[in-house]
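Working notes, beginning with the structure itself.
To find a chain, count down the sequence lines: A is the first, B the second, and so on, and within it residues start at 1.
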Amino acid sequence: MKETENTTPSHFIRNVIVSDIENNKNDGRVHTRFPPEPNGYLHIGHAKAICLSYGLAEEFKGLYNLRFDDTNPTKEESIYVDKIIEDIKWLGFNWQERLFFASDYFDQLYEYAVKLIKKGKAFICDLSPDEMRETRGTLTSPGTNSPYRNRTIEENLDLFEKMKAGEYPDGTRVLRAKIDMSSGNMNMRDPVMYRILHADHHRTGDKWCIYPTYDFTHGQSDSIEGITHSLCSIEFEDHRPLYDWYINELEIFHPQQIEFGRMSINYTVVSKRKLIQLVESGIVNGWDDPRMPTLSGMRRRGYTPMSIRNFLDLTGVAKHNSTVDFALLEHSVREDLNKIAPRRMAVLNPLKVIIDNYPDDLVEEMDAINNPEDESAGTRKVPFSKELFIEHSDFMEDPPKKFFRLGPGREVRLRYGYFITCNEFVKDEKSGEITELHCTYDPASRGGNSPDGRKVKATLHWVSASHAVKAEVRLFSHLFMSENPEAVEDGVDWKTNINPESLEVLSEAMLEPCLKDEKPGYKCQFERQGYFCLDEFDSSPDHLVFNRTTTLRDTWARIQKQAKKGK
RNA sequence: UGGGGCGUAGCCAAGUGGCAAGGCACGGGGUUUUGGUCCCCGCAUCCGAAGGUUCGAGUCCUUCCGCCCCAGCCA
């Protein structure tokens, strides 16, 4: 924590706040907000915005609000409100009683609109959407004034009233601000403030049939709430002049908007539009699929709030959009989980081992350390017996030099168990697969120590066959095969980059027995393999389902990779 | 040919005229009953490019190049 503060001293937004406080702007108040639209789940990009706005408020002893910007009833649902609240709470933030909805301000916003009409700064326009587009001009040429631009204030007031009363069908009229059709900033070309939408709203029901646009809502909502620093992403930078225009014409409190660059991560997509497509096409199993970069998905996969917040600290804040390496995210979870996750032994792909010289009916309880990084985690007993399972990948019939594990005639240590030597192996003639190992153990090496000081090059994890608990284990890898899935040639669907092997299900995993009573959400390290988490939804006492959060750093895998490249 | 923004290592990112922090990744070594953790070492003569100002420029000026956003009655 301290380290990250040292290495990332500050950023331009914090600097602005510090100087505002020094200058006693807003009486030194700091009040931020996070303004999601309830039309989807929160993802890691939103988490950045949340941690920034809320984190800064906490840092400067200020306040923060949660406000849903729910101005489009055709796209928003209350289920998303619930999920968003759940996810932000999980991240560790508490906005106390300051939960708001832009829809709470619909009456006020209507009055603001009337005020602008009365000032001659807004008018009712009867142009169709197509006509409006045609008269808006292009990026390089100015637009032309609407023929309705010079209606009288009285007529505008009357028409707006009738729009509100439901006298016109959808799309027939809008209320527009009267600004400048020749502005280089497209947002200033007489933007729409209100549109007719005969749709039920998730909170206001059928009270309204006209709804304010986001641009006519957002800035004023911040103003109403007394927000001092309105942080938002960079694409809204050229909306700021519009927000300022509304605020100034309305003569209301002026929050300061500051924009920051959006963050994405390689090998995934972080755009609500694309995440929705993944969900609706069935490519993933819902918004909370552990492969999704949503907070719900990451929680289900086993990420901790701490790991996400540290990750966001490490990535920093800047004005340009960035694509952060997935490896940094993995580093952040490992860093957290290494400290807090208990160690357990689990064999993912079991290979039967029979200790020929071990007594048939003997079961020994071996002492195992729960977490070498945390002495207070204590120890536990693990049963050892004649028949065990080890990892299939821990044996090779004809091992290369750098392979330290079991092979014919080799000796290794079973963690907290004994030294064993492999004498023979059984092979399925047809498949060529190794099915069983016969070994002998050294009774003097109990617990894994060698009394004569002899060394072995490897320590393997194992579980006693008759005591093991069977489980399903889900291994996840990148959802996409390419670093930047969105970068596709024209006409090519970005979804062609999907990694068909992003989910691997192992149904025969064998776990050490103490794991059978753990609750959903339980996290631990399977020694030598990675960090795992009991699935929130699919796991039950008689059918355990573990999700792999991430692997351990794997030097052996790297050596193999290098060897392959060398060839 | 409009407006706005941004370019420091493979990825993030400090730096605010005094001689290129840090993290991740990568490579090498040590410790180790996890090929984990931990610990050491290495990794930009150079800051998108070219000119200029200055004793001195990533920081200031000029020009150029590249990338992102904007033509929803979406947010």
Let me know the distance between [atom1] of [X] and [atom2] of [N], rounded to the nearest Å.
X        : N      : atom1 : atom2 : answer
A:Asn371 : B:rC38 : CG    : P     : 13 Å
A:Ile13  : B:rA14 : CD1   : P     : 11 Å
A:Glu237 : B:rG4  : CD    : P     : 10 Å
A:Glu483 : B:rC12 : CD    : C1'   : 13 Å

- Message: Quick test of your reading: applying salt bridge (Lys or Arg N to Asp or Glu O under 4.0 Å), list the pairs with at least one residue in residues 173-187 of chain A, sequence neighbours left out, ordered by first then second residue.
- Response: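 Only A:Asp126-A:Arg173 qualify under salt bridge (Lys or Arg N to Asp or Glu O under 4.0 Å).
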
Base, sugar-phosphate alone, or nothing: which one does [X] contact when heavy atoms must sit under 4.0 Å apart?
X        : value
A:Asn449 : base
A:Arg413 : base
A:Phe526 : nothing
A:Arg405 : base
A:Thr140 : base

Can you check whether [X] has a side-chain N or O nearer than 4.0 Å to OP1 or OP2 of [N]?
X        : N      : value
A:Arg528 : B:rG35 : yes
A:His461 : B:rG36 : no
A:Gln562 : B:rC26 : no
A:Arg343 : B:rU37 : no

- Message: Could you spell out the base pairing of RNA chain B as a dot-bracket line? Use Watson-Crick and G-U wobble contacts where both distances are under 3.5 Å, [ ] for crossing pairs, | for partners on a different strand.
- Response: .(((((((.[[[..)..(...]]].(((((.......))))).....[[[[[..)....]]]]])))))).....

Can the ring centres of [X] and [Y] be said to be less than 6.0 Å apart?
X        : Y        : answer
A:Phe236 : A:His218 : no
A:Phe546 : A:Phe526 : yes
A:Tyr110 : A:Phe160 : yes

- Answer yes or no: is there a side-chain heavy-atom contact under 4.5 Å between A:Lys272 and A:His46?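 In short, these two side chains touch, coming nearer than 4.5 Å.
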
- Close side-chain approach of A:Asp222 to A:Tyr243, heavy-atom, < 4.5 Å: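 Answer no - side chains too far apart.
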
- Task: Would you kindly check whether a donor in the side chain of A:Gln529 faces an acceptor in the base of B:rU34, or vice versa, at under 3.5 angstrom?
- Result: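 There is none.
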
- Message: Counting distance alone, no hydrogens or angles: does the base of B:rG23 have a donor or acceptor under 3.5 Å from a partner atom on the side chain of A:Glu335?
- Response: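 Answer is no: no donor-acceptor pair is held.
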
Counting side-chain heavy atoms from C-beta on, which of [options] comes nearest to [X]?
X        : options                : value
A:Thr323 : B:rG23, B:rU34, B:rC12 : B:rC12
A:Arg558 : B:rA25, B:rC26, B:rU34 : B:rC26
A:Asp325 : B:rG35, B:rC11, B:rA14 : B:rC11

- Candidate list A:Glu512, A:Glu391, A:Glu527, test side-chain hydrogen bond (donor to acceptor under 3.5 Å, both in side chains), partner A:His461, passing option: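 Of all the options given, the one that passes is A:Glu391.
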
- Determine, for A:Trp494 and A:Lys274, whether the Lys NZ or Arg CZ falls below 6.0 Å from the six-membered ring centre while staying within 45 degrees of the axis.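 Output yes; distance and angle both within limits.
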
Sticking with atom [atom1], work out how far [N] lies from [M], rounded to a whole angstrom.
N      : M      : atom1 : value
B:rA44 : B:rA14 : C1'   : 14 Å
B:rU59 : B:rC19 : P     : 14 Å
B:rC61 : B:rU53 : C1'   : 7 Å
B:rU32 : B:rG58 : P     : 47 Å
B:rG35 : B:rC47 : C1'   : 39 Å
B:rC69 : B:rC64 : C1'   : 22 Å

- Message: Does the protein touch nucleotides 69-75 of chain B at the base, only the backbone, or not at all? Give it as B, S and - per nucleotide, heavy atoms under 4.0 Å.
- Response: SBBSBSB

- Query: Quick one: NZ on A:Lys48 to OG1 on A:Thr315, what's the gap to the nearest 0.5 Å?
  - Reply: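 Spacing of NZ (A:Lys48) from OG1 (A:Thr315) equals 5.0 Å.
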
- Item | A:Asn370: which of A:Glu375, A:Arg343, A:Arg380 passes side-chain contact (heavy atoms from CB on, under 4.5 Å) |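 Result for side-chain contact (heavy atoms from CB on, under 4.5 Å) with A:Asn370: A:Arg380.
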
